[in-house]
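One structure is given below, encoded as structure tokens.
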Amino acid sequence: MCGIAGIFNSDLDHSSQLQAQQRMINYMHHRGPDDKGHKDFDICMLGQTRLSIIDLSDKARQPFLDQKNKISVAVNGEIYNYRVLREKLLAKGYKFQSDSDSEVVLHGYKEWNESLFPMLQGMFAISIFDGNSESLYLCRDRLGIKPLYFARVDKSLIFASEIGAIIQSKLLRSSFNTNSLFPFLFLGYMPDSVCPIEGVESLSPGSYLKVTKNDINYKNYWEMEFSEKKQYENDNELILETRKILEESIRVHTQSDVPLGVFLSGGIDSTIIAGLVSSQNSNVKTLSVGFEDGPSRLNELEIARKTAKYFGTNHTEFILNGSDIRQRISRIIRHIDSPSFDGINSYIVSEMAKESGLTVALSGLGGDELFGGYEIFNFYPKYLSMVPYWRKIPNQLKSIFIGLSSNIIRGSDRRQKIRRLMDVDGASTLYALNRSNTWPSEILKLVSDDISHSTTTEDLFNLFKVNSKDPWKSLQEREIKNYVTSRLLRDTDAMSMAHSIEVRVPLLDDNLVEHVISLPSLSKSPLGYPKRLLIESTRDLLPDFVLNRRKQGFQLPMEVWMRNELEDVVKDVFSQDSIKQRGLFNEREMSKLLSMFKQNQVTYDVIWKFVTLELWLREHKVNV
């Protein structure tokens with residue numbers, strides 16, 4: 001695990017290039033405090049800052065270099081099937097200087113060239129310089145677990161593991177990408193296809209770039225195919241096969257030469273991870289975080305404590321309050337990398353993991369989205385079939401229905417969704433009810449007249465377009481490609497690496513994902529909602545007090561803190577001076593929005609995203 005960065009085909013003098021490269025690497029020191037390396041070629045520079053996980057010796061220092069073949073490699077992440085590939089390469093006569101998984105990439109490229117990429121399984125961002133063809137390759141893992149950004153400046157290309165590192169190169173202007181504003185306000189985070197800095201792009205998951213002096217070619221080496229390839233004689237056969245794949249996922253995800261633990265909440269997914277790890281390893285460490293403030297329903301310490309005792313893990317607890325968050329807010333904003341209303345929870349739990357002596361932690365992230373654990377997997381397939389009939393109802397009747405429903409529905413979040421029903425006319429808009437943070441019509445009121453409306457309402461809803469036709473599978477695809485990749489994985493990477501913690505996600509293992517998405521639709525199966533396939537595959541591990549507990553996500557009491565310890569931060573961002581100086585938003589409408597929050601008419605995340613955006617722009621000195 002580390003940060004990688006490089007410059008290709010730059011017209012700058014060598015000294016200026018080297019200084020830019022060093023600024024990027026130094027900026028990402030938190031991603032790899034154990035070591036750093038640099039390789040310098042006539043047309044390319046590769047750099048890496050290292051967090052030692054597998055093979056802690058100097059022999060595993062990156063970038064790796066094969067002088068004879070003029071090839072150099074810098075890798076961020078973990079290649080989980082590296083032992084299998086290593087054995088194949090040894091059989092072909094290759095010699096290894098280390099036990100590192102990253103050195104497998106070097107020799108694998110020499111043997112298989114671009115055909116190596118679909119052979120790799122894991123979470124990774126890879127840079128390879130081939131001096132023979134004077135080509136640079138950039139490759140990203142299938143689901144986008146590890147980030148990789150790049151920017152084209154004239155004929156050159158800059159790349160790094162973080163947007164902030166590219167800014168620190170000072171090779172391009174730090175100008176806000178106004179085309180990212182509408183998608184950000186729509187979702188509360190930036191889609192993976194959009195970056196907040198003009199000219200910076202994110203390499204798409206499952207793809208790679210081949211960069212030469214004269215050309216850049218994008219290629220996909222993997223597509224997420226939601227098919228029905230796998231057929232089983234009965235449910236029991238499917239359950240046993242799923243369990244086998246889960247156990248193998250845990251086996252490869254626990255490969256480590258440094259202390260490893262499990263993030264443990266009160267939910268089923270983290271309990272399953274803890275149970276599977278405990279069944280394969282002794283003296284397992286678990287970690288839980290609780291809060292002094294907020295509703296008791298958000299505090300999962302007691303249930304996590306019982307789970308740790310059930311599995312016999314070495315358990316550690318940490319208690320937070322609003323003052324802890326207030327003291328850390330500037331550091332959180334610096335490391336968030338791309339504006340998002342989420343991520344603070346990952347920052348805090350990763351900080352606690354570091355304090356407890358861990359370097360690697362396993363998370364249950366992805367279980368709900370892959371196996372269908374959210375309530376939306378229950379109602380979406382049902383209501384989608386009703387949308388054609390809803391479209392035919394006159395708008396006047398729709399308004400009456402929506403008005404009556406709004407009066408009897410409790411909770412500001414649900415009332416917002418009811419009011420937005422007017423615009424639902426298909427699969428993407430129905431899904432947007434669940435994942436949209438601010439509706440397009442509301443965004444238009446909030447932005448300044450000076451902001452170009454280059455992004456249309458149709459463009460925003462098209463962010464949720466997918467290829468799958470089956471309601472259940474299309475929902476899986478939307479959740480994984482949008483919510484998981486763009487929000488959960490990116491925030492988790494940035495916030496964990498802020499503390500030099502590597503977070504692994506075994507429920508998003510390549511083989512497990514391909515297994516589940518290739519099954520027949522689970523919409524009407526007894527193994528469907530709520531993630532019955534995952535539960536039945538691990539039922540022997542799950543205690544009743546977890547199984548019978550009402551579902552609840554891991555949440556911070558942000559609303560309480562925003563009304564107390566973080567109130568001054570919110571007031572500052574929403575002040576007339578701040579809004580006027582930035583020039584992005586309408587002062588009067590923003591004042592109304594803040595008043596609605598104070599009256600419990602909008603949820604905290606609607607407000608907090610404006611806070612993170614403004615503070616992020618200030619932190620990185622970005623011009624609008």
Side-chain angles (χ1 to χ4, degrees), residues 80 123 143 145 242-243 245-254 260-281 284-290 298 300-301 303-308 310-311 313 315-316 342-343 345-346 348-350 352-353 358 360-374 377 476 479-480 483-485 487-493 495-496 501-513 515-516 530-543 545-547 549-556:
Y80 294 131
M123 56 177 192
L143 296 181
I145 301 173
T242 304
R243 175 59 174 266
I245 297 172
L246 281 166
E247 289 178 345
E248 176 62 15
S249 174
I250 294 298
R251 186 188 70 79
V252 299
H253 278 76
T254 50
L260 177 148
V262 177
F263 289 156
L264 182 61
S265 66
I268 286 176
D269 297 336
S270 67
T271 301
I272 287 172
I273 299 299
L276 287 168
V277 173
S278 298
S279 69
Q280 296 182 16
N281 303 270
V284 175
K285 291 186 177 183
T286 51
L287 176 75
S288 297
V289 175
L298 296 183
E300 300 185 304
L301 280 184
I303 193 79
R305 194 178 303 135
K306 289 177 66 176
T307 302
Y310 182 84
F311 292 126
T313 67
H315 190 58
T316 304
D342 202 5
N345 50 358
S346 296
I348 295 300
V349 75
S350 297
M352 304 311 167
L358 297 180
V360 177
L362 270 60
S363 165
L365 189 155
D368 284 316
E369 294 80 12
L370 181 60
F371 288 92
Y374 295 125
F377 280 91
Q476 276 182 317
E479 286 286 88
I480 294 172
Y483 182 63
V484 171
T485 294
R487 177 178 161 188
L488 298 183
L489 290 176
R490 183 170 57 200
D491 288 346
T492 297
D493 172 82
M495 298 289 89
S496 60
I501 288 286
E502 174 177 291
V503 174
R504 299 177 180 177
V505 284
L507 294 183
L508 291 176
D509 175 77
D510 293 336
N511 291 324
L512 183 61
V513 169
H515 165 68
V516 175
K531 56 186 175 192
R532 302 309 304 180
L533 176 57
L534 179 60
I535 291 171
E536 294 303 324
S537 300
T538 54
R539 181 171 285 277
D540 59 306
L541 298 173
L542 292 168
F545 57 80
V546 172
L547 262 178
R549 184 171 176 263
R550 183 179 179 182
K551 180 174 175 55
Q552 168 188 320
F554 175 56
Q555 294 181 335
L556 300 177

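This is a predicted model, so every value here is computed, not measured.
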Does [X] use its side chain to pair, donor to acceptor, with the backbone of [Y] at less than 3.5 Å?
X	Y	value
S278	G275	no
T485	L143	yes
H515	N511	no
S249	I245	no
S270	S265	yes
S288	L264	yes
R549	G266	yes
D493	L489	no

Can S496 and S350 be counted as having a side-chain donor-acceptor contact under 3.5 angstrom? no

Whether the Y374 and E369 side chains hold a donor-acceptor pair (N or O, under 3.5 Å, no angle test) is what I'd like checked. yes

Looking only at heavy atoms, what is the nearest atom pair of [X] and [Y], with distance?
X	Y	result
V503	F263	CG2-CE1, 3.8 Å
T254	I250	OG1-O, 2.8 Å
A274	T286	CB-CG2, 4.5 Å
I273	P506	CD1-CG, 3.5 Å

Non-hydrogen side-chain atoms of [X] and [Y] separated by less than 4.5 Å:
X	Y	value
K285	V262	no
L547	R539	yes
E536	L542	no
M495	R490	no
D269	L534	yes

Atom [atom1] in [X], atom [atom2] in [Y]: separation rounded to 0.5 Å?
X	Y	atom1	atom2	value
I272	I535	CD1	CD1	6.5 Å
T307	F545	OG1	CZ	4.0 Å
R487	T492	CZ	OG1	10.0 Å
L488	D491	CG	CG	7.5 Å
R504	L362	CZ	CG	7.0 Å
L287	H315	CG	NE2	7.5 Å

Decide side-chain contact (heavy atoms from CB on, under 4.5 Å) for K531 and D368; before the verdict, give the C-alpha distance in whole Å, the side-chain angles of both, and the deciding distance to 0.1 Å. CA-CA 7 Å; K531 56 186 175 192; D368 284 316; 2.7 Å; yes

Give a yes or no on whether a salt bridge exists between E247 and R251, defined as a side-chain N under 4.0 angstrom from a carboxylate O. no

Measure the acute angle between the ring planes of Y80 and H253, then classify it against the limits of 30° and 60° as parallel, tilted or perpendicular. tilted

Which residue is it: L512, L507, D509, L365? I am looking for the one with a side-chain contact (heavy atoms from CB on, under 4.5 Å) to L370. L512

Do Q476 and V484 pass the side-chain contact (heavy atoms from CB on, under 4.5 Å) test, and can you show the C-alpha distance, the side-chain angles, and the key distance before you say yes or no? CA-CA 10 Å; Q476 276 182 317; V484 171; over 6 Å; no

Set out, in order, the CA-CA distance, both residues' side-chain angles and the distance that settles side-chain contact (heavy atoms from CB on, under 4.5 Å) for F311 and T271, then state yes or no. CA-CA 9 Å; F311 292 126; T271 301; 3.8 Å; yes

